[in-house]
There are 2 protein chains.
Amino acid sequence: MVESRLTGQVRVVGVGLLGTSIGLGLRARGVDVILADASPTNLSIAIDYGAGRGSLADDAPRIIVVCVPPDVTAQIIAAELLAYPDALVTDVASVKLAPLEELRASGADISRYIGSHPLAGRERGGPLSGRADLFLGRPWVVADHGGVSYQRAALLDDLILDLGATLVEMSPEQHDSSVALVSHVPQVISSVMARRLSDAPEAAVNLAGQGLRDVTRIAASDPELWVQILGANSGPVVDVLREFRADLDRFIEALEHPSQGSSRRRINEELAGGNTGVARIPGKHGLDRRYSSLVVMVDDKPGELARLFVEIGEANVNLEDLRLEHSPGAQIGLAEISVLPEVVQRLTDELSQRGWRIAG
Amino acid sequence: MVESRLTGQVRVVGVGLLGTSIGLGLRARGVDVILADASPTNLSIAIDYGAGRGSLADDAPRIIVVCVPPDVTAQIIAAELLAYPDALVTDVASVKLAPLEELRASGADISRYIGSHPLAGRERGGPLSGRADLFLGRPWVVADHGGVSYQRAALLDDLILDLGATLVEMSPEQHDSSVALVSHVPQVISSVMARRLSDAPEAAVNLAGQGLRDVTRIAASDPELWVQILGANSGPVVDVLREFRADLDRFIEALEHPSQGSSRRRINEELAGGNTGVARIPGKHGLDRRYSSLVVMVDDKPGELARLFVEIGEANVNLEDLRLEHSPGAQIGLAEISVLPEVVQRLTDELSQRGWRIAG
């Protein structure tokens, strides 16, 4: 067991995905984790799952992490500040300015509150979706409002580092405008695009390819949660959506007169701007230019994909990225394999020799 | 070799990705494929690559496939109709009404022309990106304008079936409005979204997660090609973009007054509409509810992923979908594995017992 940087108890309020994952991660480092939840059922599941223990009368947590839905975050933070007058309180809500202002307005002691936001999640919620390693390598924003002493804030830093996340410091305003751009507006755009499909002809929807699937994937997210997030960050989200709409208006206007000489140049500029923007996203993504890809046809039965990866391993090639796709109605899947450009030809040759069909 | 349904020669004009792939696919079935291209260099590459042979004076192709950029498609179709007065001519452009109208206006013999569009592609272009199996299991639209005899049109059906694609019949108008919705508008939306990132603060872009990556993946597409496609299908694309904008306007208006009682209900309705729309897309995609997923941590070195898939195979579990993700700066990748819901717990247990870390 790697020793924790934290000393003393950590109290986690709300045992959904994030709260349970924090509990599991800290327990794995030997921290004494106290769990609380409005639902006795969820609380007992999280305790049985190993995320921590129930609270006792003489608990004295040094740090409290509030992991409840955005709508009730400020209210629970205020209650915890009152109940534990020596503790630092943080939260993990995906909006940071609204709860801070609510706390200020209510006269809460914000010299002991510092908001934070781990950029981690998965589709499923609830305690049983929690994982000790959920935060590993993910950014975790600390939204410092300047009113917390360095010594107190260091407790939160230790907790974040204990969970293997990467600490990122931002002001609450900077956080909210950042996530409006990279998370909240993409959610809105994806949902609005997907909505266009809801009454589309079946024949049209059947022509859908990977592009549409990617653009609309997150449109499957939970409306209840997103109503709360978007409502709490409406200012920054509206700002970005208006800029998006201004760009879209220009695009539509250019397309309305496709035969005008300037139309093509303007459309080209908008599309090239998209090229520039997507190239700025760090890490691996579909059209990543650092890798070359090949598509291998794989029979849709157990063991076939395993055989493929064994043989890629035998060729001593490291897979950089991978995407599976099934053709509608086909018994064959397509595995799109991304590798370093210098090995793609060798891998293609090796796999072909071993009888794999390279599908282009 | 599986025998071809086609008899006689097939002429392919334009040896980019699609033309070369058609040549390779038909050659693999023993068809006599004649290649032509405006670029002698590309033509000689495609011939060396095995996609067909150069043309001879006494060639008498029964079917000609025009695979050139959208801007010049109608002009090349007209030239081929004149040069080969007994042949059926088709094309593979992603817009179908504009070339047909251009041909009608020019007085071309459209009783020998029937447009088509294979829904297949990859990021790379040029003859060397061609693959014999590119069309396998993909939809291939035949856009019948009603003026071609059944007997002639059957030649195109045979070619499509030879290449392993799934034949889909539509009118040119139906095709163009369908691809506007499922392909052209998603491209515009993705590009406009990505453009917002082009001058965003570095700190914001660094918080990007998988959602933003998915929404903006196709924004990396080639502007030159898309200017031609969007210009040729501007009417249907503008129609869908206006509907999108009307939905977006409603969304923005609701978000501008987040404290109004009706605002939340309206936002919820828009998001729920996105849920409904994305659920209509056939086949496998990220948040597919038919599958359950688990995330396994994999060391970023050759053979590790192979070992994982061998052990999944040994557990006799079939992988339904798979997505790899790397945490920024981490030496560990996350493999998100989708399986049937009834086996996810057993697989989680088996992999945990074998020492794999399940990352949530």
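Below, each value reflects all heavy atoms present in this structure, side chains not excepted, and no hydrogens, waters or symmetry copies. Residue numbers start from 1 in every chain, and the chains themselves are labelled A, B, ... in the order their sequence lines are given, proteins ahead of strands.
- Listed here is the closest heavy atom pair of Ile218(B) and Gly211(A): CG2-CA, 3.8 Å.
- The most heavy-atom pairs under 4.5 Å with chain B, out of Ser178(A), Ser234(A), Pro223(A), come from Pro223(A).
- Atom CD1 in Ile358(B) sits 13.5 Å away from atom CG in Leu134(A) (nearest 0.5 Å).
- Pairs of residues two or more places apart, or lying in two chains, that qualify as ring-ring contact (aromatic ring centres under 6.0 Å, His included) and include a residue from residues 209-238 of chain B are His184(B)-Trp226(B).
- When Leu119(B), Leu308(B), Val188(B) are compared by the number of non-hydrogen pairs under 4.5 Å with chain A, Val188(B) comes out ahead.
- A donor-acceptor pair under 3.5 Å is formed between the side chain of Asn275(B) and the backbone N or O of Ala219(A).
- Note that CG of Asp247(A) is 8.5 Å distant from OG of Ser198(B), once rounded to the nearest 0.5 Å.
- No other option in Met193(A), Gln187(A), Glu311(A) has as many heavy-atom pairs under 4.5 Å with chain B as Met193(A).
- Both the backbone and the side chain of Pro186(B) come within contact range of chain A, judged by heavy atoms closer than 4.5 Å.
- Remark: Glu224(B) does not engage Arg264(A) in a salt bridge, criterion side-chain N to carboxylate O under 4.0 Å.
- Closest non-hydrogen pair, Val205(A) versus Pro282(B), comes out as O-CD, 3.5 Å.
- If you measure heavy-atom distances from Gln228(A) to chain B, the contacts under 4.5 Å come from both the backbone and the side chain.
- Using a 4.0 Å cut-off between charged side-chain N and carboxylate O, Arg357(A) and Asp133(B) make no salt bridge.
- The residue among Thr216(B), Val240(B), Val192(B) with the most heavy atom pairs within less than 4.5 Å of chain A is Val192(B).
- Atoms CD and CG, from Gln345(B) and Leu128(A) in turn, are 8.5 Å apart once rounded to the nearest 0.5 Å.
- If you take CD on Glu256(A) and CG on Leu241(B), they are separated by 9.5 Å, rounding to the nearest 0.5 Å.
- At a 4.5 Å heavy-atom cutoff, the contact between Phe244(A) and chain B is made by backbone and side-chain atoms alike.
- Between chain A and the options Leu207(B), Val179(B), Val141(B), heavy-atom pairs under 4.5 Å are most frequent for Leu207(B).
- Contact record, Pro139(A) with Asn206(B): CG-O, 4.1 Å, taken as the closest heavy-atom pair.
- Contact record, Ala203(B) with Gln174(A): CB-NE2, 3.9 Å, taken as the closest heavy-atom pair.
- The side chain to side chain donor-acceptor pair (under 3.5 Å) test applied to Arg245(B) returns Asp249(A), not counting sequence neighbours.
- Using a 4.0 Å cut-off between a side-chain N of Lys or Arg and a carboxylate O of Asp or Glu, Arg195(A) and Glu269(B) do not qualify as a salt bridge.
- Contact count versus chain A (heavy atoms, under 4.5 Å) is highest, among Asp214(B), Leu197(B), Leu248(B), for Asp214(B).
- Across every non-hydrogen atom of Ala194(B) and Gly274(A), the tightest pair is CB-O, 3.4 Å.
- Your options are Gly235(A), Ser263(A), Pro201(A), Ala200(A), and the one with the most heavy-atom pairs under 4.5 Å with chain B is Ala200(A).
- The most heavy-atom pairs under 4.5 Å with chain A, out of Ile252(B), Val310(B), Ile312(B), Ile267(B), come from Ile252(B).
- Contact annotation for Glu314(B): neither backbone nor side-chain heavy atoms come within less than 4.5 Å of a heavy atom of chain A.
- Nearest heavy-atom pair, Gly231(A) versus Pro258(B), reported as atom, atom and distance to 0.1 Å: O-CB, 3.9 Å.
- With chain A as the partner, the residue from Leu230(B), Thr276(B), Leu24(B) showing the most heavy-atom pairs under 4.5 Å is Leu230(B).
- Looking at Arg307(A), there are no atoms closer than 4.5 Å to chain B (heavy atoms on both sides), in backbone or side chain.
- With rounding to the nearest 0.5 Å, the separation of CG in Leu255(B) from CG in Asp239(A) is 11.0 Å.
- Put simply, of Val168(A), Leu212(A), Val237(A), Val185(A), the one with the most heavy-atom pairs under 4.5 Å next to chain B is Leu212(A).
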